[in-house]
> 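One structure, pasted below without further comment.
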2 protein chains.
Amino acid sequence: MSDLCDFPQLLAGLGVKPTALRLAVLEVLGASSKALRAQEILEAIRSKRRVNKVTVYRILDGFTRRGILRRLAIEDRVSHYELACEHHPPHPHFQCHNCGQVQCLEPAPLERMWRDLKGPLGNRADRIDIRVEGVCHKCREIS
Amino acid sequence: MSDLCDFPQLLAGLGVKPTALRLAVLEVLGASSKALRAQEILEAIRSKRRVNKVTVYRILDGFTRRGILRRLAIEDRVSHYELACEHHPPHPHFQCHNCGQVQCLEPAPLERMWRDLKGPLGNRADRIDIRVEGVCHKCREIS
DNA sequence: AAATGAAAATCAACTTAGTTGCAAATATCA
DNA sequence: TGATATTTGCAACTAAGTTGATTTTCATTT
Ligand SMILES: [Mn+2]
Ligand SMILES: [Mn+2]
Ligand SMILES: [Zn+2]
Ligand SMILES: [Zn+2]
């Protein structure tokens, strides 16, 4: 999705060393049009080289803490990850409850929701996640 | 939250036997102003009687399938449950990333989101979940 | 009241996704 | 080169939930 980002430079800007594995994680996510599970990222990297899952989990975690990735709590019991670079502003997601895929939707409606939800609370809102669940285009055709 | 519902009657209407445990699960959720984890429901029941966790998980699962409860994928790796009766229409949720509590927000803005998100897809949207993340009122005071 | 049968609850074992602690391998710097 | 710090790997563990088989409960039928 984002071959627009120069990953080595992105990491350099944050003082993070661009190791082969860190770049591999970013490239897998950059090449995907949808948010991926840690498992899927792991397998994608493994199709090219050998990696330990712990390393991948640690990279995903570190990137999420630094704001390089967003971790989505979109599905029970499995996190999904996506790039959080400027080409990927926060946006709603769609998950098909038949095939499980997580699509990215257009960011547009987010701004308005912010205003509606932020107001009425003594809480401080830092982030808003919108998840649409249903049956995707492909799965509808089949059945 | 919903002492408004007559649980035995609710179950009867669906042809589900109102066993002691099923009612206990509904009463715990009915007495709570926030969505609860399976663990919390289990502990609440255990403070009164002895139960096996499998039974509680199966009850939660059955209720969710029948639409008596909603299962919320609001936090990584832990489901939250809430009553889905007419006094609890679907609504956005707020989770504090300090204390982890999941508050229920007002249902109002949901209708509008539907229209915005349903349209642009070949997908069929069945449900929309909105999750606001931040720091809750209580946790803000403390720090 | 005893026998039958179905639904509900329990138990032990298992699974999945992720985490922890520590050791080995690399990279960086003096 | 050696000393230090960072990254990666390995094995063991955890938390949340699931599975399959067994036992209990409870309403019917005899
Ligand atoms: Mn996305
Ligand atoms: Mn709620
Ligand atoms: Zn699908
Ligand atoms: Zn809080």
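Letters A, B, ... are given to chains in the order of the sequence lines, protein chains preceding strands, and every chain is numbered from 1.
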> Can you tell me how far P of dG18(C) sits from CG of Leu42(A), to the nearest Å?
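That distance rounds to 10 Å.
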
> Does Asn52(A) make a side-chain N or O approach to OP1 or OP2 of dC10(D) shorter than 4.0 Å?
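For dC10(D), OP1 or OP2 has a side-chain N or O of Asn52(A) closer than 4.0 Å.
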
> Between Gln39(A) and Arg58(A), who's closer to the 5' end of DNA chain C by nearest nucleotide?
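By nearest-heavy-atom nucleotide position, the 5'-most residue is Gln39(A).
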
> Going by modelled atom types, is there a donor-acceptor pair between the base of dG17(D) and the side chain of Arg71(B) at under 3.5 Å?
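Under the 3.5 Å cut-off, the side chain and the base do not form any donor-acceptor pair.
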
> When you measure from the side chain of Ala38(B), which nucleotide among dG9(D), dG17(D), dG20(D) comes out closest?
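For Ala38(B), the side-chain atoms sit closest to dG17(D).
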
> Calculate the interatomic distance between Asp76(B) atom CG and dT16(C) atom C1'; express it in whole Å.
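Asp76(B) atom CG is separated from dT16(C) atom C1' by 14 Å.
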
> Walk me through whether His80(B) and Gln95(B) qualify under side-chain hydrogen bond (donor to acceptor under 3.5 Å, both in side chains).
CA-CA 11 Å; His80(B) 286 72; Gln95(B) 183 172 38; 4.7 Å; no

> Side chains of His91(B) and Glu82(B): is there a donor and an acceptor less than 3.5 Å apart?
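The answer is yes; a qualifying pair exists.
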
> Would you kindly give the NZ-to-P distance between Lys53(A) and dG9(D), to the nearest whole Å?
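After rounding, the reported distance stands at 14 Å.
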
> Less than 4.5 Å apart, any side-chain heavy atom of Arg49(B) and any of Leu21(B)?
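Yes, close enough: below the 4.5 Å cut-off.
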
> Thr19(A) side chain N/O closer than 4.0 Å to the phosphate oxygens (OP1, OP2) of dT7(D)?
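So the side chain of Thr19(A) is outside the cut-off, no N or O lying under 4.0 Å from OP1 or OP2 of dT7(D).
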
> Can you confirm whether more than 12 heavy atoms, excluding those of His97(B), are under 6.0 Å from its NE2 atom?
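Enclosed.
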
> In whole Å, I'd like the distance from the CG atom of Leu60(A) to the C1' atom of dG18(C).
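After rounding, the reported distance stands at 11 Å.
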
> Considering only NZ, NE, NH1 and NH2 on the basic side and carboxylate oxygens on the acidic side, decide whether Arg127(B) and Asp129(B) come within less than 4.0 Å.
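The answer is yes: the pair qualifies as a salt bridge.
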
> Side chain of Val54(B) only, heavy atoms from C-beta on: which candidate in dG17(D), dG9(D), dG20(D) is closest?
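Side chain of Val54(B) sits closest to dG20(D).
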
> From CZ of Arg49(A) over to P of dA25(C), roughly how many Å is that when rounded to an integer?
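So the CZ-P distance, Arg49(A) to dA25(C), works out to 15 Å.
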
> Nearest of dA17(C), dA7(C), dT6(D) to any side-chain atom of Lys17(A)?
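Between dA17(C), dA7(C), dT6(D), the one nearest the side chain of Lys17(A) would be dT6(D).
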
> Can you tell me how far C1' of dT19(C) sits from CD1 of Ile59(A), to the nearest Å?
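After rounding, the reported distance stands at 16 Å.
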
> What is the distance, rounded to the nearest whole Å, between atom CG of Leu21(B) and atom C1' of dT24(D)?
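Distance check: Leu21(B) CG to dT24(D) C1' gives 13 Å.
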
> Could you tell me whether the phosphate oxygens of dC10(D), OP1 or OP2, come under 4.0 Å of any side-chain nitrogen or oxygen in Arg50(A)?
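It does, given that an N or O in the side chain of Arg50(A) lies less than 4.0 Å from OP1 or OP2 of dC10(D).
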
> Under 4.0 Å from OP1 or OP2 of dG17(D): is there any side-chain N or O of Arg77(A) that close?
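For Arg77(A), the contact criterion (side-chain N or O under 4.0 Å from OP1 or OP2 of dG17(D)) is met.
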
> May I ask you to evaluate whether Tyr57(A) reaches the phosphate of dT19(C), defined as a side-chain N or O under 4.0 Å from OP1 or OP2?
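No, no such contact exists.
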
> In whole angstroms, how far is the C1' atom of dA17(C) from the CD atom of Glu40(A)?
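Roughly 13 Å, once rounded to whole Å.
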
